[in-house]
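Here is the structure we will look at.
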There are 2 protein chains.
Amino acid sequence: MNAKGPSPQKSEVRPPKAEVRSIADLARIAGVSVSTISRALTGKGTLNEKTRERVRALADEHGFRLNVAAQNLRLGRTGAIGVLLPLGHDRGQHLSDPFFSAMLGHLADELAEHGYDLLMSRVLPGRANWLDDFVRSGRTDGVIVIGQSNQGAVLDAVGRHYRNLVVWGAHGTDLPYLTVGTDNVAGGALAAEHLLARGRRRLAFFGNVEAPEFAAREQGFLAALPPDLRAQVEIVPIQLTPESSFAAASAYFAAGNRPDGVFAASDIIGMSIVSAAAEQGIVVPEAMSVVGFDDILLARIATPPLTTVRQDIAEGARRLVALLLQRIAGADVASVLLEPRLVERGSS
Amino acid sequence: MNAKGPSPQKSEVRPPKAEVRSIADLARIAGVSVSTISRALTGKGTLNEKTRERVRALADEHGFRLNVAAQNLRLGRTGAIGVLLPLGHDRGQHLSDPFFSAMLGHLADELAEHGYDLLMSRVLPGRANWLDDFVRSGRTDGVIVIGQSNQGAVLDAVGRHYRNLVVWGAHGTDLPYLTVGTDNVAGGALAAEHLLARGRRRLAFFGNVEAPEFAAREQGFLAALPPDLRAQVEIVPIQLTPESSFAAASAYFAAGNRPDGVFAASDIIGMSIVSAAAEQGIVVPEAMSVVGFDDILLARIATPPLTTVRQDIAEGARRLVALLLQRIAGADVASVLLEPRLVERGSS
DNA sequence: GACCTCTCGGCAAACGATTGCAAGGCCAAA
DNA sequence: TTTGGCCTTGCAATCGTTTGCCGAGAGGTC
């Protein structure tokens, strides 16, 4: 149990001396009024430096911290930002995709840096009011939705009367809410150009085009192909979970389909394809090139390492938070479109 | 933008009629007192059914929802559970492991099912008081810590005076806090037995033994080996991130080491090893068997699919939440130890 | 018609903080 | 000694709910 890494530094963790639950309790002990305590602990207002020090020491001694809930109620804010993941018809579906969890991690860091808590909520299916309900409950000062999924209508409706809403996803025209997202059309084009440059001609696209993000990737992919090839591209509808995408890919190859170049709408789908292909004796990259999308951390340690269209998740998270906080502050801000980048690895 | 999947069902999302911010506003409009509004909307207390319906309709009409913050303040609770991930000296480190994100997703579901929000917080390194501070701020009704990491001392100190604390991790004796975790020693033994059964004799363990979870896996692994083999096992210290584990594995193989059986302390490490081995021309599973730990979703779609010691994450999340809520309710509960299971796949 | 019993809904005090306003203390200048 | 000004700190209202207590009617019975 000996700490070897980051070890305890500042002060010791110690048990409280007496039960001090509110500033009123502390005021009694200190022999001052509650306002003095408040001013001492928040640092707001003017107060004699000695008094402030004395109160702070006393608070420390009793292990007292201001109650954030009460503070927030009084200040008319919550100090928390909601992060919502729509489309969870399968438990764990979205979070199973490392892209989402990476995004979540970066959002947590970024929000923490700005003093906000991150209130996470998976959205259960079927409730049309999920977003409206969440917003109205007043639990957070703003909302970040990761992925438009097929919930465009809901986002539109809420975005029209609720301003503190930022969505990760495709950049539509005239959306009533802010978006931050990768240029999926450009990303699809990158994949197409790369497969063409590798001499691939029998092409396939694997992805679920119900979601606007994926639809844009497909569209960009097709648009960048010469017309004769474009007409022959096979579109394989596929779900996001590893199991179902693996199963679909297996079935596809087992049916005798033999494309020589595949663009997968996500890295997870890409890895499923590689794995399914291997089982059918199709060797990647010799017999078939596979290009993914996202550049999740695991893409590098896949076997073979996955060529992919990289989205800068960290930058995305930074922009999402920045935009939202500016909007909360009342600033006038615009949506952001990030440029994707092709990362060539062993799978193509 | 046409919704195809779960489509809007119940009521329409609509803008509010007038500015109704508090039950006082609504009371004025309805011509009743605030208590009546409260009773109508919460369903608590007795109220004429007709009045209740009338108030509810009016609230709906104006898009009014009770302010959760105020409600919680009054009720002396927060309605939120904190989920903390310690040891984040590398941004995104822990969340990059699908194990953590899967756990997080299941926790979110499980908590939502019990009416709690999930307040997520990555813990920044170096602050010895991180947990104490968080607990004292009163932002949540309870805390779930995912992974003991090297923070045993901190957990001990806080656990002694704060009861609503549950930790995912190793099951120590006489810990002052509740734990839910897999029997890591048994898991290590499963891996050892499996490698022995495959006829492997030149064994290696890859993992970071600073964390008690991993140390227990190593210990169980070693204990299950015959003494002569045990003495020859190579212990390769390795970090959790994909990049660093891949780099370490690469260096290890490049140095000419050629074990024929490897036990990796996590699936991510296992996949890194397979990938690094492939680069050096070591064929898995023919020349070397690899066994991972966790059974993350991706283990199935790895190439080759990864043999691994499965932890039941969903069950773990369920137990974590159940234990915490029982404890919050004042019940007397005990820590839980889950049995791991070996899942044989192509990598061994 | 008087009295009792219910049922319904209003009053007001909490929950734990923040903050505008003003009172009191202190010091220096007159 | 008086007065004015500044610095420090206290008073009390407020944020939006919940809920114990109690009064006012309604309805029933004799």
Side-chain angles (χ1 to χ4, degrees), chain A residues 16 18-56 58-59 62-80 115 117 135-141, chain B residues 16 18-56 58-59 62-80 115 117 135-141:
Chain A
E19 208 59 281
V20 179
R21 304 209 140 292
S22 66
I23 57 176
D25 294 347
L26 196 60
R28 209 169 302 122
I29 295 176
V32 296
S33 77
V34 290
S35 9
T36 301
I37 305 284
S38 172
R39 282 191 267 257
L41 264 32
T42 59
K44 294 184 191 169
T46 73
L47 200 58
N48 184 299
E49 204 47 45
K50 267 197 287 194
T51 318
R52 175 161 292 163
E53 268 321 305
R54 194 167 64 80
V55 170
R56 287 212 168 139
L58 209 59
H62 289 271
F64 175 75
R65 297 257 331 236
L66 291 171
N67 180 311
V68 180
Q71 191 171 42
N72 287 337
L73 172 63
R74 177 61 234 242
L75 295 179
R77 52 151 209 197
T78 68
D117 286 328
V135 163
R136 286 231 142 76
S137 73
R139 277 178 297 197
T140 63
D141 297 332
Chain B
E19 209 58 281
V20 179
R21 304 210 139 291
S22 67
I23 57 176
D25 293 349
L26 196 59
R28 208 169 305 122
I29 295 177
V32 296
S33 76
V34 290
S35 12
T36 302
I37 306 283
S38 172
R39 282 191 266 256
L41 264 33
T42 59
K44 294 183 191 169
T46 73
L47 199 58
N48 185 299
E49 202 46 46
K50 266 196 287 193
T51 317
R52 174 160 294 162
E53 268 321 304
R54 194 167 63 82
V55 170
R56 287 211 167 139
L58 209 58
H62 289 270
F64 174 75
R65 298 257 331 233
L66 291 172
N67 180 311
V68 180
Q71 190 171 43
N72 288 336
L73 172 63
R74 175 62 233 236
L75 294 178
R77 53 150 208 199
T78 67
D117 286 328
V135 163
R136 286 231 141 75
S137 72
R139 277 178 296 198
T140 62
D141 297 333

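Letters A, B, ... mirror the listed sequences (proteins, then strands); counts begin at 1.
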Query raised in the report: If you look at every strand shown and take non-hydrogen atoms under 4.0 Å, does A/Ser22 touch a base, only sugar-phosphate, or nothing?
Result: sugar-phosphate

Query raised in the report: With sugar-phosphate meaning primed atoms plus P, OP1 and OP2, does B/Ile37 contact a base, only sugar-phosphate, or nothing at under 4.0 Å between heavy atoms?
Result: nothing

Query raised in the report: Can you find a side chain N or O atom of B/Thr36 that sits less than 4.0 Å from OP1 or OP2 on C/dG9?
Result: no

Query raised in the report: Got a second to check how far A/Ile23's CD1 is from A/Ser33's OG, nearest 0.5 Å?
Result: 8.5 Å

Query - Side chain proximity check, A/Gln71 to A/Thr42, heavy atoms < 4.5 angstrom - result: yes

Query raised in the report: So which one's nearest nucleotide on DNA chain C is more toward 5', B/Leu75 or B/Val32?
Result: B/Val32

Query - Pair A/Thr78-A/Asn72, side-chain donor/acceptor within less than 3.5 Å - result: no

Query - Sugar-phosphate, base or nothing in reach of B/Val68, heavy atoms under 4.0 Å - result: nothing

Query - d(CG, B/Leu47; P, C/dC8) in whole Å - result: 8 Å

Query raised in the report: Can you tell which of C/dG10, D/dC15, D/dT18 lies closest to the side chain of A/Arg74?
Result: D/dC15

Query raised in the report: Any side-chain heavy atom of A/Arg54 within less than 4.5 Å of one from A/Glu49?
Result: no

Query - Under-3.5 Å donor-acceptor pair between B/Ser35 side chain and C/dC11 base - result: yes

Query raised in the report: Atom CG of A/Asn72 and atom C1' of D/dG16: how far apart are they, to the nearest Å?
Result: 14 Å

Query raised in the report: Starting at the 5' end of DNA chain C, which residue's closest nucleotide do you reach first, B/Val34 or B/Thr46?
Result: B/Thr46

Query raised in the report: Is it true that a side-chain atom of B/Arg52 and a backbone atom of B/Arg39 form a donor plus acceptor pair closer than 3.5 Å?
Result: yes

Query - Atom-to-atom span, CZ of A/Arg54 to P of D/dT8 - whole angstrom - result: 14 Å

Query raised in the report: Roughly how many Å is it from NZ in A/Lys50 to P in D/dC7, rounded to a whole number?
Result: 16 Å

Query raised in the report: Is a donor-acceptor pair below 3.5 Å formed from side chain B/Thr51 to base C/dC8, judging by atom type as modelled?
Result: no

Query - B/Asp25 side chain reached by B/Phe64 side chain, heavy atoms, under 4.5 Å - result: no

Requested in this report: For B/Ile23, answer base if it contacts any base atom (sugar-phosphate contacts may also be present), sugar-phosphate if it contacts only those atoms, and nothing otherwise; contact means non-hydrogen atoms under 4.0 Å.
Outcome: base

Report task. Using only side-chain N and O atoms of A/Lys44, determine if any of them is under 4.0 Å from OP1 or OP2 of C/dT19. Result -> yes

Query raised in the report: Which whole-number value in Å describes the distance from A/Leu73 CG to D/dG16 P?
Result: 7 Å

**Report entry** Length of the line joining B/Arg28:CZ and C/dG9:P, which is rounded to integer Å
**Finding:** 20 Å

Query raised in the report: Do any side-chain nitrogens or oxygens of A/Asn67 fall under 4.0 Å of OP1 or OP2 in C/dA17?
Result: no

Query raised in the report: Rounded to the Å, how far apart are A/Gln71 CD and C/dG16 C1'?
Result: 10 Å

Report summary line: In whole angstroms, the gap separating C1' of D/dG16 from CZ of A/Arg139 amounts to 16 Å

Query raised in the report: Below 3.5 Å, does any donor atom in the side chain of A/Arg39 face an acceptor in the base of D/dG10, or the other way round?
Result: yes

